[in-house]
Amino acid sequence: MTTTVTASGLTLRYGGTRALEDVSLRLAPGVTGLLGPNGAGKTTLLRVLATAVPADQGSFTALGHDPATTAGRQRLRRELGYLPQNPGFHPDFTAFEFVDYVAILKEHTDRGARHREVRRVLDAVDLSDVRGRRMKRLSGGMRQRVALAAALVGDPGFLVLDEPTVGLDPEQRMRFRELIAQAGEGRTVLLSTHQTEDVAMLCHRVIVLAGGRVRFEGSPAELTARAAGRVWSSAGRDPGARAGWRTGTGTYRNIGDPPEGADLLEPTLEDGYLLTLDDRATEVAA
């Protein structure tokens, strides 16, 4: 599989806070999910890969460009799409004007060609009929789709998405998943999310980040397999479980180290993710 993004030893600190610590990874075409708790360093990693902030140590290349050089950074930015967690919309911009503004920043100087590109990406996210509507009058889901359209300007080979489905209702989230799946066809997409369902439905690879370090990198099936034999059902919460919760059927779903003769359940990706975080916490405590 072709590797389009390679990072080695990325480290970044803010004062005494360790945001990233020796992060190395490889990304290939398709959608890679980035999971991690709040404060894990996910947004920091995405900002580094989007060339918004430089790392203190380490390096990375993307699409054959080295952003450590001015020329390499400029070339990468022309081929990069970035949807930050808070895009910072100007409320009086129309959807067309916002995407057009981003296109100008990406050095699309020919007005006619630029406007054709703006119309193309708005059509790609199914917003051509509201392109003249002001941002303040769009729903949250529509604003997120406008931000995705802006990220798609210039048909980037590397797309960085930071929590794009946060705050969306189930119907909006489903629509956005369709758009992300389409975006992952033929390009490399790194998707940061708290939603394990997004990763299960969309991603061919997943990275778990915690405490600024990569704790897992592999396929969703491999992350799920980490919980094999470690999920069980009981009438009440098992005091020996690392985590447990009451389900809609009235029984409890427990994860951890099951007792002898436990009624084992089929694990989910979320189970594997939670146990990865819990195993990490146990290692730190030890």
Check each of His108, Arg114, Arg111 against Asp100 using the side-chain hydrogen bond (donor to acceptor under 3.5 Å, both in side chains) test, and report the only one that passes. Arg114

Residue set satisfying salt bridge (charged side-chain N to carboxylate O under 4.0 Å, His left out) with Glu222, at least two apart, ordered chain then number -> none

Measure the CG-CZ distance between Asn254 and Arg230 for me, rounded to the nearest 0.5 Å. 13.0 Å

Backbone N/O of Val208 and side chain of Lys42: donor-acceptor pair under 3.5 Å: no

Using modelled atom types and a 3.5 Å cut-off, is there a donor and acceptor pairing between side-chain atoms of Thr11 and backbone atoms of Asp22? yes

Answer yes when Arg77 and Glu107 have at least one side-chain N-carboxylate O distance shorter than 4.0 Å, and no when they do not. no

Contacts of type side chain to side chain contact (heavy atoms under 4.5 Å, CB included), residue Ala113, not counting sequence neighbours: Asp110, Arg116

Are any of the side-chain nitrogens in Asp66 or Arg73 under 4.0 Å away from the carboxylate oxygens of its partner? no

Which pairs pass side chain to side chain donor-acceptor pair (under 3.5 Å) with one or both residues in residues 127-154, sequence neighbours excluded? Asp92-Lys136

Please determine if Asp271 and Arg253 form a salt bridge, counting it only when a charged side-chain N lies under 4.0 Å from a carboxylate O. yes

Can you list everything that forms a salt bridge (charged side-chain N to carboxylate O under 4.0 Å, His left out) with Arg75? Sequence neighbours excluded, please. none

For residues 163-174, which residue pairs qualify under side chain to side chain donor-acceptor pair (under 3.5 Å), counting only residues two or more places apart or in two chains? Glu163-His194, Thr165-Asp198

For Arg26, give me all partners under side-chain hydrogen bond (donor to acceptor under 3.5 Å, both in side chains), at least two apart in sequence or on another chain. none

Tested for side-chain hydrogen bond (donor to acceptor under 3.5 Å, both in side chains) against Thr43, the lone hit among Asp162, Asn38, Asn86 is Asp162

What's the separation between atom OG1 in Thr44 and atom CG in Leu10, rounded to the nearest 0.5 Å? 11.5 Å

Distance flag, aromatic centroids of Tyr101 and His90, threshold under 6.0 Å: no

